[in-house]
Amino acid sequence: MKTPPLLRFVLVRVAALPFTILAVLSISFLVTSVLPVDPAKTIAGPMATDEVVAGIRERLGLDRPLVERFTGYLGSLLGGDLGSSYATGQPVSGEIAERLPATLTLIIPALALAAVVGIGLGVVGAYHAGRRPASASGGIVTVLQAVPDFLLALVLVVVFATGLGVLPGPEGQLSIGTDVPPRVTGSIPVDALLAGQWPVFADAVRHLILPVLTLGLTYSALIARISRALLGNALAMECVRFARACGWSEWRVVRGALLIARVPLLTYTAVLLAGLIGGAAIIEKVFSWGGFGQWTVDSMQKVDLPVIQAIVLFAGGATVVVYLAMDVLSGLLDPRIPIGRGKDR
Amino acid sequence: MTSVTHRPTGRSSSLARARRRARIQLWGSVAVIATLVLYPYLFGWTLEPFSTDAARVLEPPSAQHWFGTDRVGADLLSRTLWAGRTDLPLTLAATLLALVIGAPFGAWFGYSARLGERMMRLIDAFQALPLLILILALVALSGGKAYMIVVAIVLYAAPSFVRVVRSEVLAVSTARYVEAARAYGVSTPRILIRHVLPNVTEIILAQAALIAASAFLAISSLSFLGVGVAPPTPTWGGMIADSVSALISGIWWPTLFPGLAVFVNVVCFNLIANAIRSTGRSGELS
């Protein structure tokens, strides 16, 4: 009980978590139900007669009133049931648990790469503001930002897989015919390490390189923009001038400026992490990764309603949890943030 | 609010040069985008995006087909230009609609700070939704209807307009001249329109260009995934998705040209945003 206000803050936020998730749930349910989209019609296809559409609507329970559907959905959620996929009949919660590790294996290294490259570009841009290195870094950021991730993925595959042949193409997480290591964490490289299967580990890492590079470079542009702005502000502060007057080396000054900017930088990275859980969907699809994102896209194309709802709920919930963790962490890192009150820019 | 006329000459000339460069950037980018939007409408008769020919499948660029042909033998130049008819109007419509919906709420929440504070929490909750997934879901559930793409993008973009407009209005509405107008008994809508709006226009337009860039990327991603606009209509994302199998065997032209189109558009939107910010009154901010 060394810091009671902080502890109380954390407890209050954790207690509020179910309500926030309920809000996310209600909004996502409303948005997918109120808007003029008729999933029954989409499932039936453009040639279907009205009776077929009505039949599908009845089978899915879409003919019942909105309130009844919502309470029914809430009731089964409280019982821990996320529903079952129309396509496979499997319970959705099991499928999430099965696919999430693959996505995390992809996005955590990608985000680390994005942070390193992005902060590097941002430091160059802010430190050399108005000079040639800054415009070079700005140019790189503009290009990275303008290349859509799927195009970058294709270019990388063509250059490194089909062109130079040094890395595997978009064939998933392992070479075809390689046995998956015994499942412990669900993340293939980690499992291979745990099982001591070095060739499998090396193969998994080789398959990781291109998708991680794609996501990392795409997201580094976002981090570069924000870190250039934050560092620019930090370097303009009085304390930086004082530090220079005290004879700090420029390297140490930059590190100090990074320390000043660390809280918003971390927050922004967390926002990106939350976004990447679903945002990696396109890249997963391109590389046939088989994780959460690819499953999302596939279910969308099959109009698999329970899966779609569960995915929206899960990704929303994950976002809320990441934000909460971030709030607590920034409270710990920055004593100026008044804990227990909303902070607004 | 007129700028100071007597500046030290050196600084003034470099400032003038920077402004001239920004103006060229701005109007150059606007011209590129306008050309891409208008060309298929004005000169559509020169294009043959839908005529296929099995005898000229995947031909490399030549004098007859400047961009080559795709895997069903359609002229890639025609298809690349024709796609501007779909992708860009959708982007512009979505951005404009989001602006029209988001900006008044932003102004309202910024001006009456108490209410705004609470409403921003609601918007926080909304933006915590996995928006890309939600957009995908909406568009897929509607079967790729164009209006649904616009609605989905508006859902994603309008809250960021509310946020930006609110923070700008919040900053401006503490200014002395607003206080003076209020003391004078001017009504709130009139203050917002006559005194606050003119001072936040530039930053909102810059934000609109940035949002247009991300809306454009989202629309391209949707059509790349095949849940956006349906295939016979050319879209840049759809053309890229269609070219993947050829690309793997080293045939680069069906991918390069739509890819270049996407790239050029995003760069133009970003340049517009930068140019507006650096020529504007608030140019010193960034």
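Lettering follows sequence order; numbering is per chain, from 1.
Ranking Ser221(B), Ala241(B), Ser214(B) against chain A, the residue ahead of the rest is Ser221(B), based on heavy-atom pairs under 4.5 Å. By number of non-hydrogen pairs under 4.5 angstrom with chain B, the leading residue of Val155(A), Asp149(A), Val322(A), Ile282(A) is Ile282(A). Interface remark: of the candidates Val143(A), Val286(A), Val147(A), Thr142(A), Val143(A) forms the most heavy-atom pairs closer than 4.5 Å to chain B.
Neither the backbone nor the side chain of Val271(A) comes within contact range of chain B; no heavy atom of the residue lies under 4.5 Å from a heavy atom of that chain. Using a 4.5 Å cut-off between heavy atoms, Phe263(B) contacts chain A through both its backbone and its side chain. Using a 4.5 Å cut-off between heavy atoms, Leu154(A) touches chain B through backbone and side chain atoms alike. Val158(A) touches chain B through its side chain: at least one heavy atom from C-beta onward sits under 4.5 Å away, while N, CA, C and O do not.
Ring centers of Phe105(B) and Phe161(B): at least 6.0 Å apart, outside the cut-off.
Within 6.0 Å of CZ in Arg79(B) there are more than 12 heavy atoms belonging to other residues, nucleotides or ligands. Heavy atoms of other residues, nucleotides or ligands lying less than 6.0 angstrom from CZ of Arg131(A) number more than 12.
No donor-acceptor distance shorter than 3.5 angstrom exists from the side chain of Ser299(A) to the backbone of Ile308(A), with no hydrogens or angles considered.
Using modelled atom types and a 3.5 Å distance limit, the side chains of Thr103(A) and Glu284(A) yield a donor-acceptor pair.
When all heavy atoms are compared, the tightest approach of Gly259(B) to Leu151(A) is CA-CD2, 3.6 Å.
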